[in-house]
Amino acid sequence: MYPLSSQKKYWTFSNLDQLMNEWRLKRNQKFIETHGAQLNEQQRQELFLDATEEHLLLKQYEIYLNDFCRRFEPAMPKCVVGTVIHYFKRFFLHNSAMDYHPKEILATCVYLACKVEEFNVSIGQFVGNIKGNRNKAMDIILSNELLLMQHLNYYLTIHNPYRPVEGFLIDIKTRSSMINPERLRPHIDSFIHRKRWIM
C-alpha cells in the first residue's frame, strides 16, 4: 500500500535536509518580498523573522503540539498524533509562520487528524481541551479546516508506523514462544517518538 501512496510519491524525499533548508529559505524570502518590498534591509531585519528564527518558532510549536496531544481527553491514539505531526510539518513546508499563526494551524491539524484517523470527537468535545475562548477556537478551527486540506493538496492519508507495530506485536504473541512480547513496546515507542520529530 505505501509504495503506491501519495505519501511515497509526494512527501518522501531522498535529500530531506537539503530540501528542508532550501524550502525554509524560499518560503521566508517569498513572505518578506511580498510584505516588505517597500522596506529597506534594516527595516526588514527588524520587522520579519529570518528563516532560522521561523524554524525555531515552528519547533517550539511542535513541542506544544505534542503536549496538547498528550493531555487530550479522551486519550488520543498514537496514530492520530503521528498524523497531526505530519499535517503540521507539511503545512509549514510551503507556508510561513508569519502568514498563518502556528497555534491556529496546530489546533486545526489536530481536529482534522482526529477525523481522518476515525477518532470520533465532536467539535464541542474537542474545544473542551482548549484553554481560553472556546467559541472563538471553534470558529478558527472550522474556518481553517478547508484551508489546511487545500495546502495538504488533499493528501490526507498518512502511513504511520503505529498500526504495523501493533500487528507485529500481535504476530509475535501468536506465532512466537517469546515470553511477554509487550516488554518490547517501550523501546519501540521510544524509537518511533525520536524519529518522528526529525523533519
Side-chain angles (χ1 to χ4, degrees), residues 1-21 23 55 58-94 102-103 105-123 125-130 141 145 148-149 151-199:
M1 224 158 109
Y2 174 75
L4 303 174
S5 70
S6 61
Q7 183 173 346
K8 169 91 165 92
K9 187 173 182 181
Y10 300 109
W11 298 106
T12 304
F13 311 103
S14 56
N15 52 348
L16 184 63
D17 291 336
Q18 179 186 348
L19 274 175
M20 293 297 295
N21 289 331
W23 286 343
H55 179 63
L58 291 173
K59 282 292 184 193
Q60 184 61 44
Y61 273 96
E62 286 175 22
I63 294 169
Y64 297 154
L65 174 65
N66 189 42
D67 189 50
F68 178 75
C69 291
R70 187 178 43 78
R71 291 183 291 107
F72 196 85
E73 289 293 329
M76 190 177 287
K78 292 176 187 171
C79 62
V80 177
V81 179
T83 299
V84 170
I85 291 164
H86 274 270
Y87 286 175
F88 187 78
K89 289 183 179 201
R90 285 181 184 184
F91 182 87
F92 284 110
L93 274 178
H94 302 290
K103 183 178 180 182
I105 298 302
L106 179 152
T108 309
C109 287
V110 176
Y111 184 66
L112 181 60
C114 287
K115 286 177 155 183
V116 170
E117 293 293 339
E118 299 176 2
F119 177 56
N120 298 318
V121 201
S122 70
I123 187 68
Q125 200 176 6
F126 183 87
V127 296
N129 286 278
I130 296 175
I141 291 166
E145 189 174 13
L148 174 62
M149 288 191 288
H151 284 269
L152 297 174
N153 293 323
Y154 299 96
Y155 299 132
L156 303 179
T157 301
I158 304 295
H159 295 271
N160 286 308
Y162 301 106
R163 285 195 177 112
V165 163
E166 289 304 317
F168 177 66
L169 288 173
I170 290 169
D171 209 29
I172 290 175
K173 289 174 188 175
T174 57
R175 296 180 184 210
S176 167
S177 59
M178 179 187 273
I179 299 170
N180 190 17
E182 281 297 317
R183 64 191 164 103
L184 301 173
R185 187 179 297 278
H187 305 292
I188 294 170
D189 288 346
S190 172
F191 175 78
I192 292 172
H193 182 75
R194 281 194 318 270
K195 294 298 178 188
R196 75 175 187 208
W197 295 103
I198 288 175
M199 189 163 137

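Residues satisfying the side-chain hydrogen bond (donor to acceptor under 3.5 Å, both in side chains) test with Gln125, not counting sequence neighbours, are none. Residues meeting the salt bridge (charged side-chain N to carboxylate O under 4.0 Å, His left out) test with Lys103, sequence neighbours left out: none. Among residues two or more places apart in sequence or in another chain, the ring-ring contact (aromatic ring centres under 6.0 Å, His included) test is passed with Phe88 by Phe92. Every residue meeting the side-chain hydrogen bond (donor to acceptor under 3.5 Å, both in side chains) condition with Asn160, not counting sequence neighbours, appears here in chain and number order: Thr83. Residues passing the side-chain contact (heavy atoms from CB on, under 4.5 Å) test with Asp189, sequence neighbours excluded: Lys78, Arg185. Annotation: side-chain contact (heavy atoms from CB on, under 4.5 Å) contacts of Asn120 (sequence neighbours excluded): none. Partners of Ser176 under the side-chain contact (heavy atoms from CB on, under 4.5 Å) rule, at least two apart in sequence or in another chain, are Ile172, Met178. Applying the ring-ring contact (aromatic ring centres under 6.0 Å, His included) rule to Phe168 yields no partners; only residues at least two apart in sequence or on another chain are considered. In terms of the salt bridge (charged side-chain N to carboxylate O under 4.0 Å, His left out) criterion, residue partners of Arg175 (sequence neighbours excluded) are, by chain and number, Asp171. For Arg70, the side-chain contact (heavy atoms from CB on, under 4.5 Å) partners two or more places apart in sequence, or in a different chain, are Asp67. Taking the ring-ring contact (aromatic ring centres under 6.0 Å, His included) definition, one finds that Phe72 meets it with Phe68, Phe126, sequence neighbours left out.
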Using distance only, find each side-chain donor-acceptor pair of residues 152-159 under 3.5 Å and give its atom names and separation, not counting sequence neighbours.
none

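Contact annotation: the side chain of Ile130 approaches that of Ile141 to within less than 4.5 Å [non-hydrogen atoms, C-beta and beyond].
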